[in-house]
Asker: 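Here you go, one structure.
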Amino acid sequence: LASNTGTYYSNNFAAWPNLKFAKSHPKAGALMGDIWFNDRTGGIKDVGNPWGETIISAKNALMYCGCYPKGAYSDAPPLPEDCTKPYKGTCGETVTTDAQLTHWLFSPYWAESEKLRGLPPLYFATSASEVL
């Protein structure tokens with residue numbers, strides 16, 4: 001849920017020398033990265049904003065936890081310090097933003113191995129360009 005992995009930077013979209021040229025001259029221009037990582041709030045740009053994508057995704061995760069941050073659909077920081085207004089966060093007992101984003105039950109990355117022991121195996125299918 002924390003949405004802070006390095007893939008937000010490595011997947012960042014970029015068009016060279018600009019989007020219009022790269023789309024109309026595929027052999028001379030270049031399109032790199034993932035179009036999803038391209039500043040969803042301001043339209044498609046020549047170079048995306050990975051920090052903005054991180055903020056948008058973290059705010060989305062907070063909404064999953066029942067916390068509705070100010071400017072929820074904006075890439076403008078900051079994240080709230082806690083999830084008490086207007087609704088209390090539901091991802092664990094602690095209402096700080098960090099605790100909501102890193103609670104083991106909602107974000108298993110943070111789970112201790114004892115919490116996961118005994119679970120059935122999982123199968124992940126991804127494309128060749130995905131990072132897991």
Side-chain angles (χ1 to χ4, degrees):
L1 293 177
S3 307
N4 60 358
T5 66
T7 58
Y8 284 86
Y9 288 84
S10 62
N11 288 341
N12 187 41
F13 177 78
W16 183 87
N18 58 56
L19 184 59
K20 183 178 179 182
F21 182 88
K23 285 172 66 177
S24 59
H25 300 88
K27 291 184 179 182
L31 296 171
M32 309 259 314
D34 188 333
I35 193 74
W36 184 258
F37 292 83
N38 187 293
D39 199 12
R40 290 177 272 164
T41 60
I44 296 175
K45 299 187 171 146
D46 292 337
V47 177
N49 176 2
W51 176 247
E53 289 300 321
T54 298
I55 295 292
I56 289 171
S57 295
K59 287 180 177 181
N60 182 56
L62 287 173
M63 287 190 290
Y64 169 80
C65 291
C67 178
Y68 292 88
K70 183 178 181 181
Y73 299 101
S74 164
D75 64 353
L79 295 175
E81 288 186 29
D82 62 44
C83 292
T84 56
K85 298 175 185 171
Y87 306 106
K88 182 180 175 193
T90 58
C91 291
E93 294 90 33
T94 307
V95 295
T96 65
T97 297
D98 187 53
Q100 294 288 300
L101 294 175
T102 59
H103 191 281
W104 72 269
L105 187 59
F106 304 98
S107 193
Y109 172 82
W110 299 100
E112 297 171 6
S113 58
E114 301 82 44
K115 304 260 189 212
L116 302 175
R117 202 172 315 281
L119 290 176
L122 299 172
Y123 174 75
F124 292 95
T126 62
S127 73
S129 62
E130 291 293 324
V131 178
L132 185 64

Asker: Between Lys115 and Ala111, which heavy-atom pair has the shortest distance, and what is it?
Answerer: CB-CB, 4.3 Å
Asker: Side-chain heavy atoms under 4.5 Å apart, restricted to Ile/Leu/Val/Met/Phe/Trp/Tyr: what other residues fall into the cluster of Tyr109, or is it alone?
Answerer: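 Members alongside Tyr109: Trp110.
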Asker: State yes or no: do Leu79 and Tyr64 share one hydrophobic cluster built from I, L, V, M, F, W and Y residues joined by side-chain heavy-atom distances below 4.5 Å, directly or via other members?
Answerer: yes
Asker: Please report the closest heavy-atom contact between Pro108 and Leu116, naming both atoms and the distance.
Answerer: O-CD1, 4.3 Å
Asker: Can you name the one residue among Asn12, Leu19, Asn18 that meets side-chain contact (heavy atoms from CB on, under 4.5 Å) with Val47?
Answerer: Asn12
Asker: Name the atoms and distances for all side-chain donor-acceptor pairs under 3.5 Å in residues 97-104, with sequence neighbours left out.
Answerer:
from   : atom 1 : to     : atom 2 : distance (Å)
Thr97  : OG1    : Pro80  : O      : 2.2
Thr97  : OG1    : Glu81  : O      : 3.4
Gln100 : OE1    : Thr90  : N      : 3.3
Gln100 : OE1    : Cys91  : N      : 3.0
Gln100 : NE2    : Cys91  : O      : 3.4
Gln100 : NE2    : Thr94  : O      : 2.7
Thr102 : OG1    : Asp98  : O      : 2.7
His103 : ND1    : Leu105 : N      : 3.1

Asker: For Trp16 and Ala22, which heavy atoms make the closest approach, and how far apart are they?
Answerer: O-CB, 3.6 Å
